[in-house]
Amino acid sequence: MINIDDVAYDDFANCINLWKFETNKDNPNIFLIGRFHGDEPEGEYILEKLIDKLKNNNFDSAYNIYIIPSLNPSGKKLFTRGNANKIDLNRNYPTKNFSPDSVNPHTKNLSAGTPASEKETEAMIAWVEKYNPVRILSIHSDLHLVDYDGPARQLAEQMSLDCGYKLVDNIGYPTNGSFGTWAGIEKQIPVITLETWKAKTKEDFEKIYAETEKAILNFCELA
């Protein structure tokens, strides 16, 4: 059964949708998240395709599956990495190593804000606390690799094997205040970051989905 929750933001005139594919109330929960960064539409494309599959097929899973196709609606509208407040949402979490200057080294005019200053971050924290996911997949784009945080090495190895993307222990620069640090390292929830390559055409999006589909379905243990 598919149903939907959302969080509305008056100031953004947008909402973040949380799609729920619930198999059994006693099953553990997992999260899949797309478009942390508004200029990375590949994750949203993948997760919308997954939602269509779940709507149109009789899948079963050992998990209840919660899907957030786009966590950054204002950044999506502007097609910017940060949100409308020019905050990098993947550096905005209240971690022990939080730094207002921790942003992508190739990005200008962005800040990490102050810890959990953004409503998108508040919403994500609230959902994690409400549903207590036992594994999380966050989909980004550009780097073309699989990364992980927390007790997720085995999951990351399997995802790398399933999609053919290189597995790395870190992406090569500091990510203070990241969602992976907050959820994976500090809360000890296995967090996988799937970084696709950058799509430029419709065919690119279709190819990215085709090469990641098996990895996504296996992560969800869909059968």
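Since the structure is predicted, the reported quantities are computational estimates derived from the model, not experimental observations. Throughout, numbering of the chain's residues begins at 1 and tracks the sequence.
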Salt bridge (Lys or Arg N to Asp or Glu O under 4.0 Å): pairs with one or both residues in residues 181-190, sequence neighbours excluded: none
Would the distance check show the side chain of S160 and the main-chain N or O of A156 forming a donor-acceptor pair, the cut-off being under 3.5 Å? no
Donor-acceptor contact below 3.5 Å, side chain N72 vs main chain G75: yes
State which residues pass salt bridge (charged side-chain N to carboxylate O under 4.0 Å, His left out) with D169; sequence neighbours excluded, sorted by chain then number. R153
Hey, what's the ring geometry for Y209 with Y45, parallel, tilted or perpendicular (30° and 60° as the breaks)? perpendicular
Using a strict 4.0 Å threshold on nitrogen-to-oxygen distance, state whether E44 and K76 make a salt bridge. yes
Check for a donor-acceptor pair, side chain of N92 on one end and backbone N or O of A112 on the other, with a separation under 3.5 Å. yes
Let's go through E40 and R81 carefully: what are the C-alpha distance in whole Å and the side-chain angles of both, what is the deciding distance for salt bridge (charged side-chain N to carboxylate O under 4.0 Å, His left out) to 0.1 Å, and is it a yes or a no? CA-CA 7 Å; E40 298 179 7; R81 178 180 174 90; 3.8 Å; yes
Quick one: are the ring centres of F98 and Y93 less than 6.0 Å apart? no
Is it true that S74 and N83 share a donor-acceptor pair across their side chains at a distance under 3.5 Å? no
Working to the nearest 0.5 angstrom, can you tell me the gap between D52 CG and K55 NZ? 6.0 Å
How about N97 and T95: does a side-chain donor come under 3.5 Å of a side-chain acceptor? yes
Partners of Y148 by ring-ring contact (aromatic ring centres under 6.0 Å, His included), sequence neighbours excluded? none
The criterion is ring-ring contact (aromatic ring centres under 6.0 Å, His included); which residues satisfy it with F219, sequence neighbours excluded? none
Partner set under side-chain hydrogen bond (donor to acceptor under 3.5 Å, both in side chains) for T193, not counting sequence neighbours: none
Is K20 positioned over the aromatic face of Y66, cation under 6.0 angstrom from the ring centre and no more than 45 degrees off axis? no
Contact list for residues 199-220, test salt bridge (Lys or Arg N to Asp or Glu O under 4.0 Å), sequence neighbours left out: K53-E213
